[in-house]
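Some notes on the structure that comes next.
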Amino acid sequence: MKLHPTPMLDQLESGEWPSFVTGIKRLRDTHTTQRIRETTNDLLGQLEHSYQTRKGYWKGGTISVFGYGGGIIPRFSEVGDRFPHSREFHTLRVQPPAGNYYSTDILRRLADSWEKWGSGLVTFHGQTGNIMFIGATTENTQYFFNEINEYGFDLGGAGPCVRTAQSCVGSGRCEQSCTNEHDIHRRLVNNFLDEMHRPALPYKFKFKVSGCPNDCMNAIERADFAVIGTWRDDMQVNQDEVKQYVVSKGRQYLIENVITRCPTRALTLNDDDTLSVDNTDCVRCMHCLNVMPKALSPGKDRGVSLLIGGKRTLKIGDRFGTVIIPFMKLENETDYQHLVDIAEETIDFFAENALEHERIGEMIERIGLVNFLEALGIEMDPNMIVHPRENSYVRTDHWDEEAEKWFEQHPRHKKSVDAA
Amino acid sequence: MKLHPTPMLDQLESGEWPSFVTGIKRLRDTHTTQRIRETTNDLLGQLEHSYQTRKGYWKGGTISVFGYGGGIIPRFSEVGDRFPHSREFHTLRVQPPAGNYYSTDILRRLADSWEKWGSGLVTFHGQTGNIMFIGATTENTQYFFNEINEYGFDLGGAGPCVRTAQSCVGSGRCEQSCTNEHDIHRRLVNNFLDEMHRPALPYKFKFKVSGCPNDCMNAIERADFAVIGTWRDDMQVNQDEVKQYVVSKGRQYLIENVITRCPTRALTLNDDDTLSVDNTDCVRCMHCLNVMPKALSPGKDRGVSLLIGGKRTLKIGDRFGTVIIPFMKLENETDYQHLVDIAEETIDFFAENALEHERIGEMIERIGLVNFLEALGIEMDPNMIVHPRENSYVRTDHWDEEAEKWFEQHPRHKKSVDAA
Amino acid sequence: MAHEERRVPTESGCPDGIQYMHPVMRENFGHWRYHEDPMPGVLRHVAESGDEIWTVRAGTQRILDLFTLRKLCEIGDKYADGYVRFTIRSNIEFMLSDGSRVEPLISALEENGFIVGGTRNSVAAISHTQGWLHCDIPATDASGVVKSMMDQLIDEFRHWNMPNRVHITTSCCQINCGGQGDIAINIQHTKPPKIDHTLVANVCERPSVVARCPVAAIRPAMVNGKPSLEVDERKCVCCGACYPPCPPMQINDPEHSKLAVWIGGNHSNARGRPCFQKLVAAGIPNNPPRWPEATAIVKRILRCYQENARDWERINDWVERIGWSRFFELSELPFTKFHIDNWRGQQKSLNASSHLRF
Amino acid sequence: MAHEERRVPTESGCPDGIQYMHPVMRENFGHWRYHEDPMPGVLRHVAESGDEIWTVRAGTQRILDLFTLRKLCEIGDKYADGYVRFTIRSNIEFMLSDGSRVEPLISALEENGFIVGGTRNSVAAISHTQGWLHCDIPATDASGVVKSMMDQLIDEFRHWNMPNRVHITTSCCQINCGGQGDIAINIQHTKPPKIDHTLVANVCERPSVVARCPVAAIRPAMVNGKPSLEVDERKCVCCGACYPPCPPMQINDPEHSKLAVWIGGNHSNARGRPCFQKLVAAGIPNNPPRWPEATAIVKRILRCYQENARDWERINDWVERIGWSRFFELSELPFTKFHIDNWRGQQKSLNASSHLRF
Ligand code: SRM
Ligand code: SRM
Ligand code: SRM
Ligand code: SRM
Ligand code: SF4
Ligand code: SF4
Ligand code: SF4
Ligand code: SF4
Ligand code: SF4
Ligand code: SF4
Ligand code: SF4
Ligand code: SF4
């Protein structure tokens, strides 16, 4: 086998950070399977060619496994004559266990299967959260899938469909977790497997689950449907630990790094080194809990918030998700069913009303949040906005009917308006 | 003279706040001039009619004094048959002395003239700042103007023209004043009297001058061209007065009302009750100076900032002015000339490029701030923005040329970029 | 203009204020050190020279009759130094150099029915527009609204019982000549204009009327043989922008032109940047001569602010801290779909975070 | 799909992670009390039960070859408890219950060329996309960029010398599969697409390509007799959105597809709301194999941040406090007209205040 020279790539073997080039070369030079040696050799050849010319040489196509319409990113080389063994170099997107937990055994098992059918290159994980098995021929994608599907792995999403989801480490380890991220993750995604495996939506639709507002999954930024853990009651304060903190770090440090950083000035450090929290002002931003995890913990009345419409740049520029459900409990079957119902109604409305290749966030910007909320029968809440409208360009007849609705839902708000 | 019954207006005579109805009635009932008695009687009649029917009954028109095209708001009654003596009820907009200073003598003199020619009703001042002499016939507007023009008063703006300006009490009394508001006010407005008296702009154009960022003239909100005093060096701190303040109010109060309210956390109260100001972080918001005027004062290197494009609701919704000149000195003739030049170029560009009935703020929103700045040859400055662009939808070829410009203007910014 | 008089105007423009300024102010012009607030309505400014100038502020009806104006001059001569000014809120200010004369001046003013106050953390005089007394497009009055509300807010004007100064504004049509404010009471039309098609052709310059509409709801049309204008009522946001250039497009309606209350406008740069006011209540009847419903809402908002805000928090600062959920709870005002912005840039007003209040 | 195999898939979906979870984590699931950071790359989480789980985080090349993957498994069995996970930034984490085994595990990892670190206030592993290795639309590589930059940031990954955690992302085209970040290195095309008119008709669904353009710069056209597409180059913002659906509209250019650096993206809700990243530098050459110019800028920004920010300030918090004037001064980056937004909602990014920095 004639090795392609890779002068530019070779420069990526120096330096301390683990080198993917070295890794690929190891497959090329020392792997026992000829197919893998040849594939990786040609892959390096084409990649070197890209580095030399500063251009990419892959083109797409459409392939999938029997019974599915998606889950694979097909790649055919535009320079396949010069690099025939990596001419077909498809990536299988395989859903990871919720929370990305693996035993070394299951990793080995996946490695063995991939060794049989693929290039020997794999990524944990892609930016959407899939295990990416990078580099299989059209034929082998099926065999590989058949094999791993037997022991519990399934393809993820590609194309205009429900995509693979992500959930943070959360309850498995993290003291900030306010909900069961992995349960939410699986119940949501596994309820939409048909929409995932047979792409038929206007465009992609992503779920992400973070156990608290630190949002380690970037759910608000990158998910069409974000589930974020939070709490409704008072945060838990361990005053002894607060005092401990003052002892070790000093009052000044605590004032400058916690008290003055609270976005709503909800914290007061009392003269006796105890901490007072104004829980009605607290917006659950997490900062003080992050700085003092021993002293401060989320409250006990926990649940999740839902935000809709995050996406990145294409067409309208980046967009964050915005709140549609400020808080909901997730304790029993009914709660979970309620969550799944909201997701279903959302996706149905999206499927019916979005334009081709329009994300749900774009759709909401086009039709207005209110229309979306009304379609789903979700009650308006001030938590959905940063502030009420600043301009008078709205037609407010039917004000009284709308006011009625509010008072019915909020009897505790006395109706002194009419009284007046 | 038969008095019109005014049952509804009469209800506005009770209560402690001075009643305009009582005032108008006094003219109607006790003034020696029949014309004034009759005019105010019919005025009350029409106003009562408006209260009864909840509709207005004035319509506009076009009148002015000889030689001018504006400065008067003409009003003709739609119900003049029933209220003949207030059939013509025009308002003369007269420019006040800069800063709204009056001696009782000059007020009396104005009163005497108005008594001769008008309804006897006057307002100090309208929302744009004019003395409004409310209620004269077409004929008398001329006589009244002639008389007051003789002793130094001139009409203000009405229609698509440069409008009357406003300047705060400022240097006359206020410790926060960073500039000579009244000089700026007069130099600007009096340079554009032709544009004021002979309306020929696309739409109105307003100047307002506030001596400091407290902006008591609402200039940023309501002026097309706002001049706001500020300083460039370190704020002046009188540490003895700071200590005094601590003595009288206590540390806690100072921390909660000053330190934690600083928008950029630029203030530190030291253990020895002295105050440290990080002047590079300070944004000159005025808050701490407002709370502690004895202890804190603006710096000594004073000047003004210019903001363009404030307006209220019509057509595009409210808009604040935005910074085009972060800081300029106003110490000598050349400085003032420079200010007037910028105003002239601004108004020329506005006259040539704005659509009919488009404010300069709307125009800038339409063409983009950069085009406006380039047309005026104003250098880009980070102080003009809250933050750089958040989206990638811009064509950045010619980046290097633009970078060049910046480095030429800012030699101190070394060019390690290229060095890299 | 058919007129005998042919006098050529002297284009003198804006007069120099210095000539009418109190000598002490003139001498210390630009050299003031600090000020104190001895009592509501009174300011004591001290110059670097040590000189001091006392200011007494009094509220008046903005529409002054000559008797009232002369009365103010008389008081100014007798109890002060004959120098006055009017603030941007049409309060009169008497300036005097001798502090001992302040008390008598105040009594004289109050005896004559003027209200001393409106400084510092009080409710300032409500800014005032023209209304039915003079304007050609008003849906309500201005002088009457201000009088009615100030009668109810007299204590808040006279005393310092607010967390910070409160600037209230009103406007008699949706064009809003009144500024924004900590609280603003504005007209909010709720029905599209009623068009008198017989007049449009003669009165209106149709292209410029079409151009005036923020939502492009107006199109030229022939109505029973006459060139007129037509409004797409599904698009129309009832803003009234088409009415001034085209009076036959009657937007004002005794029944359907309502009042709306806005809060949190702040134009100073103190603490946060200047910010716009936000809609909190609408659908309020336009109810002369005393508009009790609107006043009741304003008072309720002021009460909540007074009870819950911290020193130096303007209304916007306060609501930013406690959040809008809590504001609607405290003020007992309904939150509706109308509060959720749907105008350009709406996106930025949605909550793109999990910052939430419970 | 022409294929023998007719096996019907088991649509099992997302597997349950619990089965692969460390027993201590399973037993204390949802009952963790706090965590400590004993040293860079190591987390010690303590459960309400008193149990503890230690986590050791190591950076890897994201593109794992089977040898590397098996090596990691081997280390996991020998020095840990055989339970691992991968973070959202493709770092591997080993979980073990016995703290005394942490040191040996770290040595084993480092000996085998893996880098332990990336926790707390360090520079986290750069998030990674596909690039020339696999994608069909990249203008640059991803693995190479990440490798080059991490080589330069290895100390910042290994140690805690940043004011707060730093999340860096890259994207190999302007579509940006990489997230936003404290610092993001993205492609910025500077020329409109070059159209191969001979192919458009066969390859592209023209209406949907037209619909893809954010500024409506594309219109159908006949070019030498063939139906094709035409770009209005005055309108085109060179975003590349038209390229995926229509490869003949080649947007990538070895010379004119530049790199841009963005800063201040923050997706957590800690302190302020999540916020978007801002453009700071563009026109940077796309220069494989090591992209030194881009790396130099990133390092300079990190140095300024390190020297000037306060504890717990993310990059966005820091710049908000010191202001953009000062940022451009410190970073010695040029401020240009390209920094001033001209996209929808631009208005909100202009300084409508006299909050100024000198
Ligand atoms: C008299 C006054 C209200 C008052 O009683 O104080 C007033 C009265 C009118 N304004 Fe105003 N505006 C007055 C200050 C303002 C202000 C406040 C300011 O100047 O600081 C504003 C908001 C700031 C601004 O300029 O945007 C203001 C924004 C408007 C607008 C909307 C402009 C816009 O672009 O949004 C209009 C409508 C128009 O110009 O077509 C308008 C139009 C009018 C007209 C001419 C109505 C019309 O189009 O026929 C009113 C004549 C009333 C009358 O009969 O006298 N007036 N108007 C104020 C002028 C008195 C004076 O000269 O001192
Ligand atoms: C007289 C007047 C200027 C003029 O030439 O007319 C004035 C005068 C002073 N203003 Fe003002 N302001 C005046 C209208 C305003 C306005 C405009 C308005 O009222 O429409 C504003 C901005 C309004 C807004 O933001 O909506 C204004 C925002 C301020 C502020 C900022 C308050 C804040 O914290 O946001 C201060 C600072 C303070 O309160 O200490 C201030 C402070 C002051 C001081 C204390 C300045 C000084 O040291 O002398 C003056 C005495 C004020 C007082 O009432 O205690 N002045 N001030 C205006 C009196 C209006 C009135 O009769 O009530
Ligand atoms: C393992 C991981 C979640 C996962 O399931 O993969 C994770 C785990 C933790 N995150 Fe995170 N975060 C992880 C990605 C993120 C991300 C997303 C990302 O990196 O792209 C974010 C939001 C990114 C952004 O804002 O741009 C994120 C924002 C935070 C924050 C908020 C920081 C802030 O002040 O803004 C905290 C709180 C803190 O720093 O104490 C946090 C805190 C933590 C804590 C300390 C939570 C806990 O008590 O256990 C965990 C240890 C973090 C550490 O490295 O010290 N984590 N964290 C992710 C590790 C990524 C990595 O390998 O570097
Ligand atoms: C593989 C991956 C990058 C990586 O190496 O990690 C990736 C790769 C591609 N993305 Fe992506 N995206 C990947 C995560 C993302 C993310 C991050 C996320 O999901 O959290 C985003 C931003 C969030 C979002 O969804 O907006 C993302 C936003 C896009 C977009 C722009 C979508 C938008 O509305 O702005 C496109 C373009 C499109 O869909 O037409 C896109 C399109 C693509 C395509 C299919 C290019 C194309 O249209 O042919 C790339 C295939 C590359 C390949 O050959 O494998 N990819 N893409 C990530 C998926 C791996 C996985 O499944 O785990
Ligand atoms: S999102 Fe919250 S719960 Fe999840 S890992 Fe991050 S900090 Fe922990
Ligand atoms: S969680 Fe955030 S908002 Fe709440 S008290 Fe702590 S710092 Fe303040
Ligand atoms: S704007 Fe400033 S200088 Fe002018 S009066 Fe107000 S506080 Fe004084
Ligand atoms: S003026 Fe404002 S920004 Fe400057 S220090 Fe005082 S409070 Fe802070
Ligand atoms: S607010 Fe409207 S009605 Fe009132 S004066 Fe101004 S233009 Fe006239
Ligand atoms: S009221 Fe406003 S929205 Fe309606 S037609 Fe007239 S201008 Fe257009
Ligand atoms: S960023 Fe662009 S080039 Fe890179 S993987 Fe995503 S789509 Fe492909
Ligand atoms: S590059 Fe972007 S802006 Fe230019 S034509 Fe293509 S889609 Fe339109």
Side-chain angles (χ1 to χ4, degrees), chain A residues 213 215 220 228 230-233 263-266 279-285 305 307 310 319-323 326-327 365 368-370 373-374 380-397 399-400 402-407 410 412-417 419-420, chain C residues 174 176 186 188 190-192 214-215 236-239 256 258 260 262 264 275-283 292-293 295-297 300 319-329 332-344 346-358:
Chain A
D215 194 4
I220 293 178
I228 312 262
T230 190
W231 67 96
R232 201 164 42 174
D233 58 342
T264 51
R265 291 185 273 107
N279 285 281
T280 60
D281 281 356
C282 168
V283 292
R284 283 58 174 168
C285 86
S305 319
L307 293 86
R319 195 182 181 289
F320 287 136
T322 72
V323 175
F327 186 87
E365 240 175 270
L369 179 65
V370 166
L373 295 172
E374 285 184 333
M380 316 285 154
D381 187 300
N383 269 320
M384 295 170 180
I385 58 174
V386 177
H387 57 72
R389 66 168 50 249
E390 292 177 329
N391 71 78
S392 59
Y393 293 160
V394 58
R395 186 168 168 176
T396 54
D397 38 12
W399 175 273
D400 295 341
E402 294 298 320
E404 241 356 281
K405 287 188 200 161
W406 175 260
F407 288 122
H410 303 79
R412 75 180 161 147
H413 293 220
K414 273 182 272 61
K415 298 180 58 178
S416 357
V417 190
Chain C
Q174 217 173 311
N176 297 325
N186 296 351
Q188 185 75 26
T190 62
K191 300 289 179 197
V215 293
C236 174
V237 290
C238 313
C239 71
H256 299 299
K258 303 285 192 182
W262 303 69
C275 62
F276 295 112
Q277 61 197 20
K278 283 81 175 157
L279 176 74
V280 294
E293 302 84 355
T295 310
I297 291 175
R300 196 157 72 252
V319 179
E320 242 164 67
R321 175 173 55 80
I322 68 165
W324 288 97
S325 303
R326 188 128 177 71
F327 170 80
F328 283 100
E329 189 185 324
E332 294 171 2
L333 293 168
F335 179 80
T336 70
K337 66 180 187 183
F338 304 115
H339 291 98
I340 300 177
D341 199 353
N342 57 355
W343 187 241
R344 293 170 207 150
Q346 34 152 304
Q347 205 41 41
K348 302 253 180 199
S349 74
L350 300 180
N351 185 6
S353 78
S354 59
H355 282 201
L356 298 164
R357 320 266 189 159
F358 303 111

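In what follows, chains are A, B, ... by sequence order, proteins preceding strands, each numbered from 1.
Taking each heavy atom of F358(C) and P326(A) in turn, the nearest pair found is CZ-O, 3.8 Å. In this structure, I385(A) and H339(C) approach most closely via the heavy-atom pair CD1-O, 4.3 Å. For V394(A) against F338(C), the heavy-atom pair with the smallest separation is CG2-CD2, 4.1 Å. In plain terms, the two heavy atoms of A352(C) and I220(A) that are nearest each other are O-CG2, 4.0 Å.
Distance alone, capped at 3.5 Å, is enough to place a donor-acceptor pair between the R357(C) side chain and the D281(A) backbone.
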Evaluation steps, side chain to side chain contact (heavy atoms under 4.5 Å, CB included), between S354(C) and T230(A): CA-CA 8 Å; S354(C) 59; T230(A) 190; 6.0 Å; no
When you look at L356(C) and V323(A), which way does the side chain to side chain contact (heavy atoms under 4.5 Å, CB included) test go after all the steps? CA-CA 9 Å; L356(C) 298 164; V323(A) 175; 4.1 Å; yes
Go through it in stages, so that I can follow the logic: the residues are D397(A) and H256(C), the test is side chain to side chain contact (heavy atoms under 4.5 Å, CB included), and I'd like the CA-CA distance, side-chain angles, deciding distance and then a yes or no. CA-CA 8 Å; D397(A) 38 12; H256(C) 299 299; over 6 Å; no
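Residue K348(C) touches chain A through its backbone alone, counting heavy-atom pairs closer than 4.5 Å. Heavy-atom distances place the side chain of R326(C), and not its backbone, under 4.5 Å from chain A. Using a 4.5 Å cut-off between heavy atoms, S305(A) contacts chain C through its side chain alone, with no backbone atom that close. With a 4.5 Å cut-off on non-hydrogen atoms, D381(A) touches chain C through its backbone and its side chain both. In this structure, chain A has a heavy atom under 4.5 Å from the backbone of Q277(C), while its side chain stays farther away. When heavy atoms are compared at a cutoff of 4.5 Å, C236(C) approaches chain A solely by way of its backbone atoms N, CA, C and O.
Between chain C and the options R232(A), R284(A), K405(A), H387(A), the largest number of non-hydrogen pairs under 4.5 Å is found for H387(A). Between chain A and the residues G283(C), S349(C), A260(C), the largest count of heavy-atom pairs under 4.5 Å involves S349(C). Across R265(A), E402(A), R319(A), the residue that shares the most heavy-atom pairs under 4.5 angstrom with chain C is E402(A). Among the candidates N176(C), I322(C), V319(C), the residue making the largest number of heavy-atom pairs closer than 4.5 Å to chain A is I322(C). Of the listed residues F276(C), W262(C), F335(C), W324(C), the one with more heavy-atom pairs under 4.5 angstrom with chain A than any other is F335(C).
Using cut-offs of 30° and 60° for the angle between ring planes, the Y393(A) and W343(C) rings count as perpendicular.
F320(A) CZ to L350(C) CG: the interatomic distance, rounded to the nearest 0.5 Å, is 13.5 Å. Note that CD of Q346(C) and CG of L369(A) are 8.5 Å apart. Values are rounded to the nearest 0.5 Å. Within the model, atoms NZ of K258(C) and CG of D400(A) stand 7.0 Å from one another, a figure rounded to the nearest 0.5 Å.
Contact of the I340(C) side chain with the M380(A) side chain is registered, since non-hydrogen atoms from C-beta on lie closer than 4.5 Å. Residues N342(C) and V370(A) have side chains not in contact (no heavy-atom distance under 4.5 Å, counting atoms from C-beta outward). In this structure, R395(A) and P192(C) have side chains that are in contact, with non-hydrogen atoms separated by less than 4.5 Å. Looking only at side-chain heavy atoms (C-beta outward), S392(A) and Q188(C) come within less than 4.5 Å of each other. Considering only heavy atoms from C-beta on, D341(C) comes within 4.5 Å of N391(A) through its side chain. Residues F327(C) and P388(A) have side chains not in contact (no heavy-atom distance under 4.5 Å, counting atoms from C-beta outward).
Partners of W231(A) under the ring pair (Phe, Tyr, Trp, His ring centres under 6.0 Å) rule, at least two apart in sequence or in another chain, do not exist in this structure.
Looking only at atom types and distance, the side chain of N383(A) has no donor-acceptor partner in the side chain of N351(C) under 3.5 Å away.
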